[in-house]
Number of protein chains: 2
Amino acid sequence: MADLYEQQAKIFKAFCDERRLRILELLRGGETCACKLCDAMDMPQSSLSYHMKILCESGIVLGREEGKWTHYRISPEGSRKAMELLREITQLQETEESSCRCQKP
Amino acid sequence: MADLYEQQAKIFKAFCDERRLRILELLRGGETCACKLCDAMDMPQSSLSYHMKILCESGIVLGREEGKWTHYRISPEGSRKAMELLREITQLQETEESSCRCQKP
DNA sequence: TTATCAAATCAAGAAATTTTGATTTGAGGT
DNA sequence: ACCTCAAATCAAAATTTCTTGATTTGATAA
């Protein structure tokens with residue numbers, strides 16, 4: 001149960017940091033290699049790697065290794081799942097009549 | 001520009017914490033007052049207040065004051081806006097194929 | 001093999017977030 | 001006025017996240 005919330009939170013961590021939002025904007029333009037992201041973000045390599053790991057573990061970004069390079073891209077499936085999850089967790093439950101079942105003290 | 005990312009990040013901060021996800025799940029059942037949330041979450045009053053502030057500032061939750069009580073509920077409009085934003089920031093831009101050519105010596 | 005480069009990982013410190021008892025605010029009720 | 005209660009705010013500590021130089025890993029080339 002707590003694991004479920006932890007897993008859900010992990011997905012949205014991708015979007016709650018300014019640098020990761022900027023990286024995602026760069027990736028919207030198409031697949032991009034780490035060195036270009038590093039350059040565009042004006043960030044040390046280890047810092048970029050830290051954020052890319054969070055983005056990948058959220059399922060929103062996919063990494064493709066090609067020789068010694070890694071190319072990153074937005075995962076349409078990951079994005080779709082995130083949107084479905086967001087809809088679920090904010091949708092009011094179907095209750096017949098909004099009568100509170102709790103007894104007034 | 002940095003302000004934009006900051007504002008976007010603020011919205012998703014509502015969903016990147018386990019306790020806030022649990023609060024949202026409680027609110028999916030309908031409008032709930034702070035004291036009941038406090039009880040259900042088994043959390044000190046000041047802690048709940050801290051999280052409710054983040055949820056309200058994200059626009060996902062609305063508070064309604066009634067006498068000395070405050071009732072919280074999920075905002076359908078805030079939820080809709082969050083979903084639209086999520087779609088925007090993960091949608092690939094319409095461009096020609098622009099593959100990275102890092103492997104070029 | 002050795003050298004080189006790209007990226008991940010490590011580790012220690014910096015910065016931000018979260019916790020929680022104490023206090024304050026603000027709206028009734030007496 | 002006073003008292004009480006609900007909720008917000010404060011403040012200090014605890015915890016988590018983030019930064020970044022240094023190191024390691026892993027692939028390629030000479």
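In what follows, every chain begins at residue 1, and chains take the letters A, B, ... in the order their sequences are listed.
Rounding to whole angstrom units, CD of residue B:E6 and P of C:dA16 are separated by 11 Å. Rounded to an integer number of Å, the gap from B:Q45 CD to C:dT20 P is 13 Å. Atom pair B:L48:CG and C:dT18:C1' shows a separation of 13 Å (rounding to whole Å applied). Here C:dT9 presents its C1' atom at 13 Å from CD of A:E57, a figure rounded to the nearest Å. Taking atom CG on A:L37 and atom P on C:dA6, their separation rounds to 14 Å, with Å as the unit. Atom NE2 of B:H51 and atom C1' of D:dA7 are 16 Å apart (whole Å). The CE atom of B:M43 sits 16 Å away from the C1' atom of D:dA8 (whole-angstrom rounding). In this structure, A:Y50 atom OH and C:dG13 atom C1' are separated by 14 Å, rounded to whole Å.
Phosphate contact (OP1/OP2 of D:dA29, side-chain N/O of A:K68, threshold under 4.0 Å): absent. OP1 and OP2 of C:dA16 both lie 4.0 Å or more from every side-chain N or O belonging to B:K13. Within the structure, a side-chain polar atom (N or O) of B:S47 is placed less than 4.0 Å from OP1 or OP2 of C:dT20. Using a 4.0 Å cut-off, no side-chain N or O of A:S46 falls inside it from OP1 or OP2 of D:dT20.
For B:E65 and A:E65, each mapped to the nucleotide of DNA chain C holding its nearest heavy atom, the one lying further toward the 5' end belongs to A:E65.
Residue A:D17 places its side chain closer to D:dC18 than to any other of D:dT9, C:dA7, D:dC18. For B:C35, whose side chain is taken as the heavy atoms from C-beta onward, the closest listed nucleotide among D:dC18, D:dA7, D:dT20 is D:dA7. Among the nucleotides C:dA6, D:dG21, C:dA8, the one closest to the side chain of A:W69 is C:dA6.
Separation of atoms CD (A:Q7) and CD (A:E57) is listed at 11.5 Å; rounding is to 0.5 Å. How far CD of B:Q93 is from CG of A:L27: 10.5 Å, rounded to the nearest 0.5 Å.
At the heavy-atom level, A:I54 lies under 4.0 Å from the strands shown only through sugar-phosphate atoms. Residue contacts for B:T70: at a heavy-atom cut-off of 4.0 Å it reaches the sugar-phosphate backbone alone, with no base atom in range.
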Intermediate values then yes/no, salt bridge (Lys or Arg N to Asp or Glu O under 4.0 Å), A:R22 and A:E18: CA-CA 6 Å; A:R22 178 144 178 254; A:E18 303 175 38; over 6 Å; no
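Side chain of A:R20 to backbone of A:K13: a donor-acceptor contact under 3.5 angstrom is found.
Between A:E77 and A:K81 there is a salt bridge, since at least one side-chain N of the basic residue sits less than 4.0 Å from a carboxylate O of the acidic one.
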